[in-house]
Amino acid sequence: MGILSWLVVGLIAGWLAGAVMRGGGYGLLGDVIIGFVGALVGGFLATALFNIHDAVTGINLPTIIVAFLGALVTISVLRLIARPMRGL
């Protein structure tokens, strides 16, 4: 995937995950970063758990779904890490 594809998929997946997990997005840059990391996490999990190679291939629905699910996992993990630090 090219840089432009990563940015578009990251923006869409990050915005969707932010809307589902928080009720709103994280801003343009935050959505792109969450979506980009989500695509990496989703691609890794698709390969490791389901033996689906090349799950993230371009701007298409399967790629956006994988990135979205990975972004949900990423946001969940970030919230778990950030929660204990609030009490300090």
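Both backbone and side-chain heavy atoms feed into the values below; hydrogens, waters and symmetry mates do not. All values derive from a computational prediction rather than experimental measurement.
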T63-N60 side chain donor-acceptor pair, cut-off 3.5 Å: yes

Side-chain touch I34/L78, heavy atoms, less than 4.5 angstrom: yes

Distance col, row L11:CG vs D31:CG, nearest 0.5 angstrom, shows 6.0 Å

Dump the intermediate steps for side-chain contact (heavy atoms from CB on, under 4.5 Å) on L69 and V41, then the final yes or no. CA-CA 9 Å; L69 294 175; V41 170; over 6 Å; no

Nearest 0.5 Å please: distance from the CD1 atom of I12 over to the CZ atom of F68. 12.5 Å

Would a 4.5 Å heavy-atom cut-off, applied to side chains only, mark W6 and V32 as touching? no

Shortest non-hydrogen contact from A13 to A71? O-CB, 4.2 Å

Note: V9 and A67 closest approach over all heavy atoms is CG1-CB, 3.8 Å

Here the gap from L29 atom CG to I33 atom CD1, rounded to the nearest 0.5 Å, amounts to 4.0 Å

Check for a donor-acceptor pair, side chain of S5 on one end and backbone N or O of I59 on the other, with a separation under 3.5 Å. no

Under the side-chain contact (heavy atoms from CB on, under 4.5 Å) rule, what do I52 and T47 come out as? Steps first, then yes or no, please. CA-CA 5 Å; I52 300 172; T47 301; 5.8 Å; no

Determine whether T74 and F36 make a side-chain contact, defined as any pair of heavy atoms from C-beta on separated by less than 4.5 Å. no

